[in-house]
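Below is one structure, written out as structure tokens; comments come after it.
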Amino acid sequence: MKVALDIDLEHTLTCGQAFRWRRREEWWQGVLDGKLVRLRQLDDGVEAHGLEEKPLRRYLRADDDLETIYEDIGRDPLVAACVQNHHGLRLLRQQPWECAASFILATNANIPRIIKMVETVCRTFGRRLGGEVYSFPTPRQILNGQGEAASCGLGYRCQRFVAFAELAEDGGLDGLEALPYEECVRRLVEMPGIGNKVADCVALFSLDHLEAFPIDVRIERILLQEYGMEGTYKKLSAAARMRFGPYAGYAQEYLYHGLSGLPSSQDRRTPAP
DNA sequence: AACCAGGTCTCGA
DNA sequence: TCGAGACCTGGT
């Protein structure tokens, strides 16, 4: 099945918003809705196996019009430059449970390790779908095998992860979709393992709040060096949403990944003769 | 061999 | 409300 869409799979699937996509030759292999899915980049879209068009378009946020978004966030010249570098990078619309649980594991760890932890959790608690591919476990699957969590190499994230599974199993995530951004984040930060940053990730990557602007150490540096912005998380977050607008989350992703390809801020201010 | 990683939590001021 | 430290573990 083919979907016509302006998307760059490489950028979209490796930018650190989802941790389970693997490249196999020209195909990207992953798990969606508990099913093994393969995606392939086409000139004008995506070829997909293992998933219907509707849920695929939903996952890839095909309803986001990139041109409209670029026009909006591109009013910022630096973001505009980053967009040039990473055209076709899309946010994904993930499941809140998997997204939140993954980013609880992602705290204070680098990407390779995050991938490893998530994969170990899937292998330990998930269902085998074929080959060496496992589903992301449900909260119940984690609670059923709770003794094994300690051997997943999660470090101090282990307790938070299990506690979050308990909360999810008890319906603690119900109703989040209906909430506006501020209230959504307010609810999320009450949950075990979720602070300001993870709450924004969950809001942005799984709950349709494109104005959410997750601030990690790297983005914090960028805000300071490129925009002279500093302060507490709440202040920075509000200032970023104000500056970058309703698609601030997209601006964040492009700044995060697109900046590395540009000359340093100092060099841009004082270009070489 | 340090240092750091897509932070959170706890605890004083 | 805010800032400082501690914190598992493994990449680089």
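Computed from a predicted model, the values in this text were never measured in an experiment. To find a chain, count down the sequence lines: A is the first, B the second, and so on, and within it residues start at 1.
Residue A/Gly155 is classed as a base contact, given a heavy-atom separation below 4.0 Å to a base. Among the atoms of the strands shown, none is found under 4.0 Å from any heavy atom of A/Phe103. Counting any heavy atom pair closer than 4.0 Å across all strands shown, A/Glu253 reaches a base atom. Using a 4.0 Å heavy-atom distance criterion, A/Gly16 is classed as a base contact. Residue-level contact check: A/Lys116 touches the backbone only, with heavy atoms under 4.0 Å from sugar-phosphate atoms and none from bases. Contacts of A/Arg218 with the nucleic acid, taken as non-hydrogen atoms under 4.0 Å apart, are absent. If you check every strand for non-hydrogen atoms under 4.0 Å, A/Cys15 touches a base. Within the nucleic acid shown, A/Ile194 comes within 4.0 Å of sugar-phosphate atoms alone, with no base atom in reach, counting heavy atoms only.
Rounded to an integer number of Å, the gap from CG of A/Asn110 to P of C/dG11 is 8 Å. Here B/dG6 presents its C1' atom at 8 Å from CD of A/Gln252, a figure rounded to the nearest Å. Rounding to whole angstrom units, CD1 of residue A/Ile114 and P of B/dG7 are separated by 7 Å. Atoms CG (A/Leu259) and P (B/dG6) sit 16 Å apart, rounded to a whole Å. For A/Lys197 and B/dC9, the NZ to P distance is 14 Å, given to the nearest whole Å. Distance CG (A/Leu13) to C1' (B/dG6): 17 Å, rounded to an integer number of Å. Summarising the geometry, the separation between CE on A/Met117 and P on C/dG11 is reported as 10 Å, rounded to the nearest angstrom. Regarding A/Phe19, its CZ atom lies at a distance of 7 Å from the C1' atom of B/dG6, rounded to whole Å.
Side-chain N/O atoms of A/Tyr233 and base N/O atoms of B/dG7 include no donor-acceptor pair closer than 3.5 Å. One donor-acceptor pair, N or O on each side, does fall under 3.5 Å between the base of C/dC8 and the side chain of A/Arg157.
Where A/Pro192 and A/Pro214 each meet DNA chain B at their nearest nucleotide, the meeting point lying more 5' is that of A/Pro214.
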What pairs of donor and acceptor atoms, side-chain ones from residues 243-252 of chain A against any protein atom, are under 3.5 angstrom apart with sequence neighbours left out?
residue	atom	partner	partner atom	Å
A/Tyr250	OH	A/Asp64	OD2	2.9
A/Tyr250	OH	A/Leu91	N	3.2
A/Gln252	NE2	A/Pro214	O	2.9

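Separating the P atom of B/dC11 from that of C/dC8 is a span of 14 Å, rounded to the nearest Å. Comparing the same atom, P, in C/dA4 and in B/dG6 gives a spacing of 23 Å after rounding to whole Å.
When side chains are defined from C-beta on, A/Leu167 counts as touching A/Pro192, because their heavy atoms get closer than 4.5 Å.
Listed candidates were B/dT8, C/dC7, C/dC2. Nearest to the side chain of A/Tyr156 is C/dC7. Taking every side-chain heavy atom of A/Asn108 into account, B/dG7 is the closest of B/dG6, C/dG3, B/dG7.
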Nucleotide pairing, DNA chain B (Watson-Crick or G-U, distances under 3.5 Å), in dot-bracket with [ ] and |: .||||.|||||||
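At a threshold of 4.5 Å between side-chain heavy atoms, the hydrophobic network of Ile, Leu, Val, Met, Phe, Trp and Tyr places A/Trp21 and A/Phe19 in two separate groups.
Look at A/Arg221 and you'll find a side-chain N or O under 4.0 angstrom from OP1 or OP2 of B/dA5. A close approach under 4.0 Å does not occur between any side-chain nitrogen or oxygen of A/Lys235 and OP1 or OP2 of C/dC2.
Under a 4.5 Å side-chain heavy-atom cut-off, the cluster of Ile, Leu, Val, Met, Phe, Trp and Tyr residues that includes A/Leu143 is completed by A/Val162.
Other residues, nucleotides and ligands place more than 12 heavy atoms under 6.0 Å from the CD atom of A/Glu166.
Relative ring orientation between A/His257 and A/His86 is described as tilted, the plane-to-plane angle lying within the 30° to 60° band.
Geometric assessment of A/Arg127 against the ring of A/Tyr134 yields a negative cation-pi assignment under the 6.0 Å and 45° thresholds.
Using a 4.0 Å cut-off between charged nitrogen and carboxylate oxygen, A/Glu10 and A/Arg23 count as a salt-bridge pair.
Annotation: the span from A/Arg90 atom CZ to A/Leu9 atom CG amounts to 10.5 Å, rounded to 0.5 Å.
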